[in-house]
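Here the structure is laid out as structure tokens; the discussion comes afterwards.
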Amino acid sequence: MTGGDFVAPAGARHYEGGLTAFVLITCMVAAMGGLIFGYDIGISGGVTSMEPFLQKFFPSVIKKMNDATAQENEYCKFDSQLLTLFTSSLYLAALVASVFASAATRTFGRKFSMVVGGIVFLVGAILNGIAENIEMLIIGRILLGVGVGFANQSVPVYLSEMAPPTMRGALNIGFQMAITIGILIANLVNYGTAQIKGGYGWRISLGLAAVPALIMTVGGLLLPDTPNSLLERGKTEKAKKMLQRIRGTPNVDDEFQDLIDASDAAKEVQNPWKNILYPRYRPQLVITFLIPFFQQLTGINVIMFYAPVFFKTLGFGDDASLMSAVITGCVNVVATLVSVFAVDRLGRRILFLEGGTQMLICQVAIGVILGLKFGVNGSGQMSKTDADIVLILICAYVAAFAWSWGPLGWLVPSEINPLEVRSAGQSINVAVNMLFTFLIAQAFLSMLCHLKFGLFFFFAVFVLIMTVFVYLFLPETKGVPIEEMNLVWKAHWWWARYVPDDSPPTSGSLQLTTSKAV
Ligand code: BGC
């Protein structure tokens, strides 16, 4: 009687047409939206470990680092609320922006939000690159955040709507792929600019964010809108032509009818924010909230933001720390590829379950090693072998995240919400994700200082909880057409009770199979 017994709908409708070059290209361009997000995630950690940057904006941190007494506690070296505010302010801005982005995405279409996101981000990047004081720096970060809020709100939905159902996972993961590439590029840029002697390397690191912003803006201008969004805005003829074009066949009647049904249902909904609170959307609401919450509680951004700082804490030198961040960045990209190939074949659940288990093992092992070496006082030293083992464990942990919670954290919420609440659902997803990204970014350095090695056990407990949650409550969504997702809830042992019989789709040709009684 668990969610684990559930098998994706075997009887679900098979639409004609498949993956066309046109869809592939549009999805690749749209996924570029992930670059701006990834670049940000990767760039701030390296920049905040560069001395000239700290000298200019955060002299108190430098003082503390050089202060002999403070250095005694390895865990507390970098603890500064102002420094973390630099990293985390972006996510707070993205949180607020994603709420506005919902209305924009619904009213003006997905591509509109992408272009707006790209332009605002561009301005933020320029401001950061030329920053002379902390105000310019933080305002720039806020603009970057607004850009990220719009991009993350629109891109995953765009990808899920464009993709044919059987390829939706792989195409949607293009977004996460771009995020990881953005992070890796940022790590490499930091590694390069840290070598610059003139002390302006950080300006190049921050200013180069303009490049992915330009790619996204120009890309967004060139992209067509999704058939779902065209219908949502009353452009029926255009929507049908677009669907024929993206599926590469004139026979799209079945799929188009589903889109029309979904769009009609959506038109009856005046206020998606109020609607998503109705019991019939409870499964979507709960999962859309919990997935980004859990994604952040894996602790991944401790590594993504602070890898160089963390490796310094472990006793790695400056260069070695930045290099280790490059290594974890590479692992992140390569492991994401695994999910591209596995997600539509093996399904979402198996990736979640395997990834969760692997992360859990790595976190416990890292916690134990740090506990043994640094103890509770935070005094002590790591041998090179110990530090290397920790690096390997971190890589295994990053790999597990990269083929599970990383991509699925964006894919699943974007594919489970029906059209009438999709934009609102996606905003909840982005807002929750950003809120917890913010909280963890803000709290990590002082959590490390206070919880010490226990921090890894803290995240391990959450990974255990989320893995059990997936096992029990997350049905498989592999291959289910996006506007027919209701069938999945109707067949689930727990969620079925929330889905009324009259809810769309009502097509009699559809049925679900479950491997065991639910
Ligand atoms: C998450 C980010 C994370 C990144 C790492 C994304 O899916 O939302 O918070 O930094 O993956 O690759």
Side-chain angles (χ1 to χ4, degrees), residues 26 28-44 46-47 53 57 86-105 108-159 174-175 177-190 192-193 200-223 225 430 434 437:
T26 50
M28 278 164 72
V29 174
M32 290 299 123
L35 271 186
I36 65 170
F37 182 39
Y39 191 82
D40 266 312
I41 295 169
I43 211 73
S44 31
V47 168
F53 176 81
F57 299 105
F86 165 74
T87 302
S88 60
S89 55
L90 186 154
Y91 301 94
L92 209 52
L95 191 172
V96 177
S98 68
V99 178
F100 295 103
S102 157
T105 307
F108 303 113
R110 285 72 173 123
K111 80 177 244 173
F112 172 85
S113 291
M114 290 187 222
V115 174
V116 171
I119 294 172
V120 180
F121 192 90
L122 187 61
V123 180
I126 295 171
L127 208 58
N128 262 346
I130 59 169
E132 275 309 326
N133 48 45
I134 185 111
E135 288 80 11
M136 284 175 86
L137 206 59
I138 302 277
I139 294 173
R141 290 290 285 177
I142 291 174
L143 292 179
L144 296 183
V146 172
V148 167
F150 271 81
N152 288 13
Q153 212 279 340
S154 47
V155 173
V157 169
Y158 183 93
L159 294 171
F175 179 63
M177 204 62 225
I179 296 179
T180 59
I181 292 173
I183 297 176
L184 177 62
I185 293 176
N187 289 339
L188 287 167
V189 167
N190 275 339
T193 59
Y200 58 87
W202 62 269
R203 288 194 188 278
I204 300 183
S205 289
L206 296 182
L208 276 180
V211 177
L214 268 178
I215 298 180
M216 171 156 148
T217 311
V218 176
L221 286 171
L222 298 176
L223 289 177
D225 230 324
V430 178
M434 295 301 130
T437 306

Taking only residues two or more places apart in sequence or in another chain, which ones pass side-chain hydrogen bond (donor to acceptor under 3.5 Å, both in side chains) with Asn190? Ser205
Those residues that, when tested against Glu135, pass salt bridge (charged side-chain N to carboxylate O under 4.0 Å, His left out) (two or more places apart): none
Gly220 to Lys111 - nearest heavy-atom pair and separation: O-CE, 3.5 Å
Mind checking salt bridge (charged side-chain N to carboxylate O under 4.0 Å, His left out) for Arg141 and listing every partner two or more places apart, or none if nothing turns up? Asp40
Just do the side-chain contact (heavy atoms from CB on, under 4.5 Å) check on Leu127 and Ile139 with the steps written out, would you? CA-CA 8 Å; Leu127 208 58; Ile139 294 173; 3.7 Å; yes
Rounded to the nearest 0.5 Å, how far does CG of Leu143 lie from CD1 of Ile119? 12.5 Å
Indicate the ring-plane relationship of Tyr91 and Phe37, choosing parallel, tilted or perpendicular according to the 30° and 60° boundaries. perpendicular
Could you tell me if the side chain of Thr105 sits less than 4.5 Å from the side chain of Tyr158, heavy atoms only? no
Going by the rule side-chain contact (heavy atoms from CB on, under 4.5 Å), which residues pair with Ala97 if we only count those two or more places apart in sequence or in a different chain? Val146, Phe150
Rounding to 0.5 Å, atoms CG (Leu159) and CZ (Arg110) come to a distance of 11.5 Å
Could you list all the salt bridge (Lys or Arg N to Asp or Glu O under 4.0 Å) pairs where at least one residue sits in residues 114-127, not counting sequence neighbours? none
Under the side-chain hydrogen bond (donor to acceptor under 3.5 Å, both in side chains) rule, collect the residues that match up with Ser89, sequence neighbours excluded. none
With rounding to the nearest 0.5 Å, note down the distance linking OG1 in Thr193 to CD1 in Ile43. 6.5 Å
Locate the shortest heavy-atom distance separating Ser113 from Ala101; write the atom from each residue and the value. OG-O, 3.9 Å
Does any pair with a residue in residues 122-132 pass salt bridge (Lys or Arg N to Asp or Glu O under 4.0 Å), and if so which ones, sequence neighbours excluded? Lys56-Glu132, Glu132-Arg203
Where do Gly149 and Val430 come nearest, in terms of heavy atoms and distance? O-CG1, 4.4 Å
Atom CD1 of Ile36 and atom CD1 of Ile179: how far apart are they, to the nearest 0.5 Å? 10.0 Å
Residues Val155 and Ala30: closest non-hydrogen pair is CG1-O, 3.3 Å
If the condition is ring-ring contact (aromatic ring centres under 6.0 Å, His included), which residues does Phe112 pass it with, not counting sequence neighbours? Phe108
Which residues pass the ring-ring contact (aromatic ring centres under 6.0 Å, His included) test with Phe53, not counting sequence neighbours? Phe57, Phe58, Phe86, Trp202
Measuring from atom CD1 of Ile41 to atom CG of Asn187, what distance do you get when rounded to the nearest 0.5 angstrom? 10.5 Å
Using a 4.5 Å cut-off on heavy atoms from C-beta on, say whether the side chain of Leu35 contacts that of Val211. no
Between Ala213 and Phe121 the two heavy atoms that sit nearest each other are CB-CD2, 3.4 Å
So the side-chain hydrogen bond (donor to acceptor under 3.5 Å, both in side chains) pairs with at least one residue in residues 116-128 (sequence neighbours excluded) are none
For the residue pair Val123 and Val120, establish whether any side-chain heavy-atom pair is separated by less than 4.5 Å. no
Flag the pair Met136 / Asn133 as yes when at least one side-chain heavy-atom distance between them is below 4.5 Å, and no otherwise. yes
Could you tell me whether the side chain of Leu208 reaches within less than 4.5 Å of the side chain of Tyr39, counting heavy atoms only? yes
Contacts of type side-chain hydrogen bond (donor to acceptor under 3.5 Å, both in side chains), residue Thr437, not counting sequence neighbours: Gln296, Asn433
For Thr180, check side-chain hydrogen bond (donor to acceptor under 3.5 Å, both in side chains) against everything at least two apart and list the hits. none
Output, in order, the C-alpha distance, side-chain angles, deciding distance and verdict of side-chain contact (heavy atoms from CB on, under 4.5 Å) for Leu95 and Leu92. CA-CA 5 Å; Leu95 191 172; Leu92 209 52; 4.2 Å; yes
Which heavy atom of Gln153 sits nearest a heavy atom of Ser98, and at what distance? CG-O, 3.8 Å
